[in-house]
Structures are given as structure tokens and as C-alpha cells.
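Just below is one structure, and these are the notes that go with it.
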Amino acid sequence: MAEDQQERQARPVPEDVRERMRFLTHELDRHNYLYHTLDAPEISDELFDAMFHELAALEEAWPELRSPWSPTLRAGGRLLDGLPKKPHRLKMYSLDNVFSQREWNDFLEKMRRAYQGFGPFEEGFYCDPKLDGLAVELVYEQGVLTEAMTRGDGEIGEVITEACRTIATIPLKLRGEQSMPELLEVRGEVVMFKKDFAALNADQKAKNKKVFANPRNAAAGSLRQLDVAVARSRKLTFLAYSLGACNWQPEQACTSQTELMQRLADYGFLTPPNGRFCADSQQVMDYAEWVRTNREEFPMEIDGCVVKLDRLEAQRQLGFTARAPRFAVAFKFPALKVATLLKNIEIQVGRTGVLTPVAVLEPVAVGGVVVSRATLHNEDEIKAKDIRIGDTVWVQRAGDVIPEIVGPVLAERGSEVLPYVFPDKCPVCASPVYREPGQAALRCENLACPAIRLRSVLHFVSKAGLDIPGFGEKWVEQLVQSGRVRDPADLLTLTVPEFLQFKRMGETLAAKLVAALADACANTSLERLISALGIRHVGTETARTLAMHYHDLEKLSLAREEELLTLRDVGPEVALSVRHFFSTPANVELLAKLRRAGLWPVQTAKATAVEQTSAFAGKTVLFTGTLSISRSEAQKAAEAAGATVLAGVSKKLDYLIVGQKPGSKLAKAQALGVTVLSEEAFFALLKN
Ligand code: IVH
């Protein structure tokens, strides 16, 4: 072999071969740059391939003429045995983070203080997006790429020269005619664009191969491949943002980060998109906000922006702490989507018996808040997303929206992680659970289930119910657990001595609680009580309608479905649920207990003087046509005067109130002999 080479070197090189190889090397390099970095190709792929193969063949025949930056070096195909390690000439630092304008102001203040003694501190920053990839250092000697390294631990990196040569946006030779520095280390990030990541994962999936959790992992996994052919097959992009060691001539040196970014672009590098100079702190904050709102539009994943003092001399003067530069900081956005471990799935039983699965997570910060639990809604949701205990899952939170589990990170699922099996028994009382046809929810049907009892009592005292002060979850839990309180009515008969039997309960508090219960008995309105009962589908609005119409619980409990259906806000689901509630024996018993305890409000008795003297007290009304005020305002006015608003025209209707362009209700009402009022007459009567 050595002999063979000697022989070859000895032979004379035809000048036209040398010239042709030089030409092909230059042309291929130029077209590579036009295609990958500038995204502006000038020739067809076929012509490029033809030239490439011609050069490869010539290099095969004349290896001694191969240029150290030949495009054929990008081909890869060599298998490495373990990545060699090597120290960086200059340490590769990390960056400190700030998460808010206040923290940024603090950092700026620190920078100012650190600068004292060097001269007047100049604001003026270069800002660009913070790329979420793999930091890499490229070593150029006399303008030719000789080595590439990962960041490693900052001091020692892994040599990944061959893999980096396959990245089309890494110049194998710096562009430009000017003389090249003897040594120039260019630092930047290797990323995988979101579209390339999606394509890679789709392909991996189709081939039944490992899918990657995110573009950064895909980029890192591809680069650190020992088989360079794999790195070559993955579409990676390098973007340059700073320098390591460099010894260019004084006249070659840049004076600002802005200038350096232009120089890097001139050398043939891509730089992070939308980087710009910001003259002052306000512009930096505006820029950070702009990047945050446009985050999704970037072709690669970014997780903030990086703010650097623009003047390189000032950067040098401020220098570094042990970890990070004093002249630059990462202005990070709170992550909106974070991966974390799903430690368990707990089943909560609500007051209506619905079993709700809740994800118990390894706590993570998402969008600025720490999330440790999130609802999984129901069995179908868990199945559809194939979420399993032990999975790493994506947790997402947008704005003020409650956090949600997006799905599992399949790439990180261990083989021991098994599909989740939803319980077929209530986890609290062990009764079999029941699924209503067409509904996603599974329910415990056992009204004596302690969980249902606890939730019903909690609802009864909550703001949506009677709003009784002092009854926090801890107390109610103890009361229910002791067996003394089995339903909300049991609360009302509690006495001071009974309260005193509970741990950490004192005389004063016990007296307060008893007084609060007495106050609730005396002053609760019927609509509040109906809402407090926690009848399914009956919220505060419907409770109000029911109270207005029925005046006491007894009448309501006897109401037939067809009758309920004539009321506003009462559809078939609500009517059925109301009927179901009042025909359940436990609830009949509950009503009797409430009455005995003295909690039995009657709507008419509590009606205000206005209602009693009003023409609409106890009457039913309905509106049709366009009114001069909104429909809901008119309904409220009628209700305030003691009327009940019905859902449709029937014999039960006392008044139909007609605005402009009345609908078919008018004819129907007239046919039934219902009194028809104009809007003006309605308002006139309201005033009386
Ligand atoms: S400038 C001394 N600019 O983020 C470091 N770094 O988390 C100055 N990074 O180690 C580097 N995007 O590798 C700079 N636009 C950007 C960047 C960026 C990502 C990396 C960098 C650093 C890491 C810190």
C-alpha cells in the first residue's frame, strides 16, 4: 500500500486533472452553500450528483490531490470506535437564565456594577433566539475545517469531526477571498428543524424503529453516532453564534457582536434567525416579547432568547464566572410543554359518583407554575392517548388554562410499563361501577359511598351551595369519617359539645360553627338550597328558575317531568335528573331531615315587597321578537318582579310579551287565549 502510494506520488500529475479537481471542489462547495445555507440553488440535483461523482472518481485515482475541504469528505461512511475526547482550547460556558423583566433588570444592574472601573457602561445589546440543540465547536485552521467537538462538560468535548462534515450548512472551508486567520473556532448549535424532525420520526415509526422525544434528542443522537452514515442520513443544521479561540490579525478583528454575526455569515455560516441589535433595555424586553409571541413560527425549537452585550471589548472586560459569562444571559420563556414522570393515576370519586382519574406527576414547572396533578378526565381519554403509569408524559399549559396531559413520550417508555386498566369497582366503597350508555363517565352508584357523602357535604357548604363559613375540607372530612355526618342535613343538628369531640376544635370555633349553621337555616333562600343539593345538571341559574316557579321544596319534589320541561333552562336532561333526584329514597329522607332541622325556605314568604305588589308576582311570562333591551335583561327584570320565565307557549303562560317582529309564538298564544303585552305595556306594569 505504502509502496503503491509512493509510486503514485512519484507519477507526474497531468495539469488538466489538477485543474479539473480544483474546479469541481470549488463548484460543489459553492453549490452546497447556495443550496443549504442560502436556500437558493442554481443547478439541478442531477448536475450536482454528476459533478460529485466525477470528483469522487478523480480523488480515487489521485488521492494526493484531494483537498482537505473536499465536498466528498461529507460523505461519511466510516465507522468510529467510540468517540475520542479532547479538551477545548477555551472553556465552553453555559448561560445564566432570567425568566422575567424584573430578573432581566437585576441582571443588567449586576452587569453595570461589574463594569465599574472600566469606563462608562454602554447599553447596546445583540439579541437572538436561544436555539434548543447541541452546542458544537468547529475548528478552522487557515480557513479549513480540521476538527469538530461537542460541548461535553464545557472543558472536555467529544470529537465529532466526521459527523459534522456531513452537515451541509457547516462550511468545510471558510468562504471569502481575504486571508484567513491561522486558527478560528466557531461555536454554534446543531439543531434539527421541526419539519425534518417530524419526517424523521414518521420514517422511524414506519420502520418500527425508535422514535425521538424531541428535535434536540434527535440531533444529539444523530451527531454522536459512531456510524457516520447515520448522521449523514439525518437532516441537521448548524447555526453559528460565537467564537472560541481565534488569532486573527488586528485588522481582521470585529469590534461588536453585530459585526461578528455579519462576519460569520460572510464566512458561509447560517446564523440564528431574526437576531438584531437592541439599543437599550426596553428594546431588549420588546424583542424578548416578540420572540415569545412568535415562537411557533421559528423553523427550529427555541426556548428563549440570548442577550449579549454588543461591544466585544466590553464582553472581554466583564469576562466569566465559573459557570457563565457576565456579559450575556438567556432570557427564557417559561416552558409551555414539559415532559415529566407520571408516577400514578389516582381515582377521585365526585359528589355525583363520577370516577375521575387524576395524574400524579413528578412536579414540574409549566408556563411558570409548578404542576404535580392534572385531570385525565375519564377512561376513554386514557385509552385514546395510551397513557400509562411509569410513562414520561408531556404536560402542557397555555395561559391561564388548567394543565393537561398531552400524551406519553413513547421514545422513553420502558418495556415494564403496562397499559392502564381502569378499576371496575369504586376505589372508596368497592361497589361495582356503572357506565351510562353513551357517556364517558363511570360512576359509583352507591349513595352511601363515603366519597360521595364527603363530596356532597362539601358542595352543600361551598360557595355554590349555602356558603357556610368555617367548614373547610379538613373539618368536613373528620365529620364524615366519624360517621356523625352522613348527609348535609346531619350537619345542621351538630351541637357545641359534639364539635368539641374533634381534634384541635376549641370552644370559640365550635360556637362559631354552630352559629353559622343556625344563620344558614334562618337565612338561606330556596334557590341557594336547591343549588346546594347538588342535583346533577342543576346549577345556580336553573336553581333560580326552579325556586321562582315552585316556591318550596315539597312542590318541586312533586313536579312532573312534562311540567318541568315548560320552564326556561330546563331541557330533557335536567328534567330527568330533577325527577331522579326527588324519587331516590335517600333524598326523600334528606328533605324530611332538612325540614325537621328547620331549613325549609319558602320563596313567596321571602319575596320582597316589590315582588308581592307587582303585577307579575307568581305569574308566568315569555318573550318573543326583538326588544329594546337584551332578552336576558328583560328576563331578569321579569324575574325580579316575581315572574317565572317559561320556555314555550302553553296554557300555563300568563303573559306573552311581544317586541318587534314577533315569531310564531304570538299566533300560538293568541290561539290559546294567552294575554299578549307590548314591550311598552310590560315596562309600564313593571313600574307600578
Ligand atoms: S451565545 C457563553 N447564542 O445555550 C455562551 N448561545 O444554555 C454564549 N445557545 O451554552 C453563547 N442559542 O450553547 C448563544 N443564540 C445563542 C444560543 C446559545 C443557544 C446555547 C449555548 C449555551 C447554552 C446555554
Side-chain angles (χ1 to χ4, degrees), residues 88-99 103-104 107 111 114 125-138 148-158 160 164 169-170 185-194 214-217 219-220 223 236-246 254 256-265 269-278 284 287-288 290-292 294-295 298-312 314-335:
H88 294 285
R89 285 186 183 79
L90 294 179
K91 180 169 167 173
M92 286 182 82
Y93 289 87
S94 163
L95 281 169
D96 283 334
N97 297 322
V98 295
F99 285 93
E103 287 181 13
W104 155 245
F107 186 86
M111 234 179 342
F125 308 90
Y126 186 84
C127 302
D128 50 15
K130 184 166 186 307
L131 312 171
D132 197 6
L134 196 75
V136 161
E137 175 169 80
L138 306 174
M149 292 163 75
T150 65
R151 176 178 179 279
D153 66 359
E155 315 249 13
I156 295 175
E158 291 158 318
I160 48 165
C164 280
T169 45
I170 293 184
E185 293 180 347
V186 176
R187 294 175 174 180
E189 207 87 352
V190 171
V191 301
M192 188 177 282
F193 279 9
K194 290 187 265 192
N214 54 47
R216 180 159 47 97
N217 285 5
L223 256 193
L236 299 172
T237 306
F238 176 83
L239 300 112
Y241 47 62
S242 72
L243 296 184
C246 102
C254 300
S256 69
Q257 186 77 27
T258 311
E259 199 192 331
L260 172 63
M261 297 313 280
Q262 184 54 53
R263 179 75 55 83
L264 288 170
F269 292 97
L270 275 179
T271 55
N274 300 93
R276 78 173 187 87
F277 175 78
C278 291
V284 169
Y287 177 82
W290 180 84
V291 174
R292 195 179 65 74
N294 291 283
R295 179 178 189 175
F298 282 81
M300 72 292 281
E301 297 266 2
I302 58 172
D303 59 353
C305 55
V306 181
V307 187
K308 300 151 214 184
L309 210 48
D310 193 48
R311 253 183 357 104
L312 296 183
Q315 288 191 4
R316 204 189 52 74
Q317 284 163 331
L318 278 178
F320 301 83
T321 66
R323 210 187 85 83
R326 290 196 191 86
F327 57 82
V329 77
F331 203 136
K332 296 244 269 194
F333 337 119

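Start at 1 and go down the list; that is how both ligands and their atoms are numbered.
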Taking every non-hydrogen atom, the tightest pair across L223 and C164: CD2-SG, 4.1 Å

Proximal protein residues to ligand 1, non-hydrogen atoms under 4.0 angstrom: Y93, S94, L95, D128, P129, K130, L131, A135, E189, Y241, V306, K308, P325

Chi angles and distances behind the side-chain contact (heavy atoms from CB on, under 4.5 Å) call for M300, T237: CA-CA 10 Å; M300 72 292 281; T237 306; over 6 Å; no

Donor-acceptor under 3.5 Å (E189 side chain, G133 main chain): yes

Whether F298 and W290 hold their rings parallel, tilted or perpendicular, with breakpoints at 30° and 60°: perpendicular

Ring-ring centroid check W104 F125, cutoff 6.0 Å: yes

Flag side-chain contact, heavy atom, 4.5 Å: D128 against T271: no

